2 protein chains.
Amino acid sequence: MLIGRGDLNVPVPELTISEVARQVGLQASAIRYYERIGLLPRAPRMSGQRRYDTTALYRLAIIQRARQLGFTLTEIRHLFFGFRDITRASERWRTLSQRKLAELDDLMDGIKAVRGVLKKLMTKCRCDTLDQCGKGIFQSTNRDVVARPLPASPRHREKYAKNLRA
Amino acid sequence: MLIGRGDLNVPVPELTISEVARQVGLQASAIRYYERIGLLPRAPRMSGQRRYDTTALYRLAIIQRARQLGFTLTEIRHLFFGFRDITRASERWRTLSQRKLAELDDLMDGIKAVRGVLKKLMTKCRCDTLDQCGKGIFQSTNRDVVARPLPASPRHREKYAKNLRA
DNA sequence: CCTTGCCTTAAAGTCGACTTTAAGTTGTAG
DNA sequence: CTACAACTTAAAGTCGACTTTAAGGCAAGG
């Protein structure tokens, strides 16, 4: 049965930014930030103030979840806008997830290597002084490190806290 | 047999900063930075320019190695200055390493959790649209997330590249 | 009318570990 | 003398993801 104009069940923007922030567990400033960088569409204003509907909550939920999974805002932007419109959400996730899994595997390998060296250091180091220690390190790293031209110091990587229950 | 004053086999500062940088695989600016923040002692100057002896190389070797193991400059400062003078190098390393190992274990747990969720996401998500997806996420996170007061977004953690051979 | 509380904006600050820049100095070679 | 390379300094810039600050707007309540 048809209903005349109006009420097409379109969500009405009625939430304030702090209400949204509370519901998704973000600070209002973060939401404004996401809007600024184009991750969220410009929210309509009521006498200057942003109003949100439930779809904004869903968008933010995705951003939140993606952040928990270690995606950068750039990657999340890709999730939203980096595919042809017809590409299904599940496929978008699959593409991004595959990349991220590979990254995580690399990261784990790195961590395992570090763990190994730390354990060896703990059990095997008998140095009295750091100078002694440093001399040993210097001479051994000379073998494989000094040869390389300019290693270009490793930059920022991801962070993975325990915000996700195992 | 005693030798008169001089030549007590004390290392003579003769290396320029760029020579040191080359030998330890750092940029000169990084070495200046370490001096500025007090991680390295102020190098003696010859007509205004820094000169280094081999002990500087050892210090830098330690810094380099510690950085590769994921220690922050603050932690390295602790390694150098955070113990009573008599504390042996090996014990200093053990103390720091233990802390770092615990940190790494936490980090690994976090990563494993994320990996699990990513894999589930890849195989289980059937969403056509991101809105659909977001709605699901929003409703499920509402159960365990919205309840918490203010999660205080997780900040910067470490980075672990593959600069260490496994 | 005034206060209160929530909102707005642009701009600057934060964190860590450096790098880059601008302006100047020193020693050496031609 | 000039050029050049290599050094010096303090200050500012970089990256990412925000937060904080300063200054102001707008509606409701007393």
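Chain A is the first sequence line, chain B the second, and so forth, proteins listed ahead of strands; every chain is numbered from 1. All values derive from a computational prediction rather than experimental measurement.
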- Message: Can you see if the side chain of B:Gln27 gets near the phosphate of C:dT19 - specifically, an N or O under 4.0 Å from OP1 or OP2?
- Response: yes

- Pick base, sugar-phosphate or nothing for A:Arg32, based on heavy-atom distances below 4.0 Å to the nucleic acid. base

- Message: Using a heavy-atom cut-off of 4.0 Å across all strands, would you classify A:Ile37 as base, sugar-phosphate, or nothing?
- Response: nothing

- Task: Considering just the side-chain nitrogens and oxygens of B:Thr16, establish if one lies under 4.0 Å of OP1 or OP2 belonging to D:dC7.
- Result: yes

- Note on the structure: Atom CZ of B:Arg45 and atom P of D:dT8 are separated, to the nearest Å, by 7 Å

- Do B:Thr129 and B:Asp131 have side-chain N/O donor and acceptor atoms under 3.5 Å apart? no

- Query: Got more than 12 heavy atoms from elsewhere within 6.0 Å of CD, A:Glu19?
  - Reply: yes

- Message: Using whole Å, what does the distance between atom P of nucleotide D:dA5 and atom CZ of B:Arg22 come to?
- Response: 19 Å

- Task: Measure from CZ on B:Arg51 to P on C:dG27 and round the result to the nearest Å.
- Result: 10 Å

- Task: Just compare D:dT20, D:dA6, D:dA17 and give me whichever is closest to any side-chain atom of B:Gln49.
- Result: D:dA6

- Taken to the nearest whole Å, CZ/B:Arg67 to P/C:dC18 is 5 Å

- Going only through I, L, V, M, F, W and Y residues with side-chain contacts under 4.5 Å, is there a path from A:Phe81 to A:Tyr34? yes

- Item | Side-chain donor or acceptor of B:Arg51 paired with backbone N/O of B:Pro44 under 3.5 Å | no

- May I have the distance from A:Leu26 (atom CG) to D:dA17 (atom P), rounded to whole angstrom? 14 Å

- Under 4.0 Å: is that the gap between some side-chain N or O of A:Ser18 and OP1 or OP2 of C:dC7? yes

- Task: Return the value, rounded to whole Å, for the distance between atom CE of A:Met46 and atom C1' of C:dC6.
- Result: 14 Å

- Query: Linking I/L/V/M/F/W/Y whenever any side-chain heavy atoms sit under 4.5 Å apart, do B:Ile62 and B:Ile37 land together?
  - Reply: yes

- Note on the structure: note: B:Tyr52, atom OH; D:dA6, atom C1'; distance rounded to Å ~ 14 Å

- Is the shortest side-chain N/O distance from A:Arg36 to OP1 or OP2 of D:dT19 below 4.0 Å? no

- Note on the structure: Rounded to whole Å, the OH-C1' distance (A:Tyr34 to D:dA17) equals 7 Å

- Message: Counting only side-chain heavy atoms from C-beta out, which of D:dT9, C:dT9, C:dT19 sits nearest to B:Ser29?
- Response: C:dT19

- Item | Along DNA chain C (nearest heavy atom to each residue), the more 5'-positioned of A:Glu35 and B:Thr74 | A:Glu35

- OP1 or OP2 of D:dC7 less than 4.0 angstrom from a side-chain nitrogen or oxygen of B:Arg50, does that happen here? no

- For the side chain of A:Tyr33, counting heavy atoms from C-beta on, which of C:dT19, C:dC7, D:dT19 is nearest? D:dT19

- Message: It should be established whether A:Ser47 places a side-chain nitrogen or oxygen under 4.0 Å from OP1 or OP2 of nucleotide C:dC7.
- Response: no

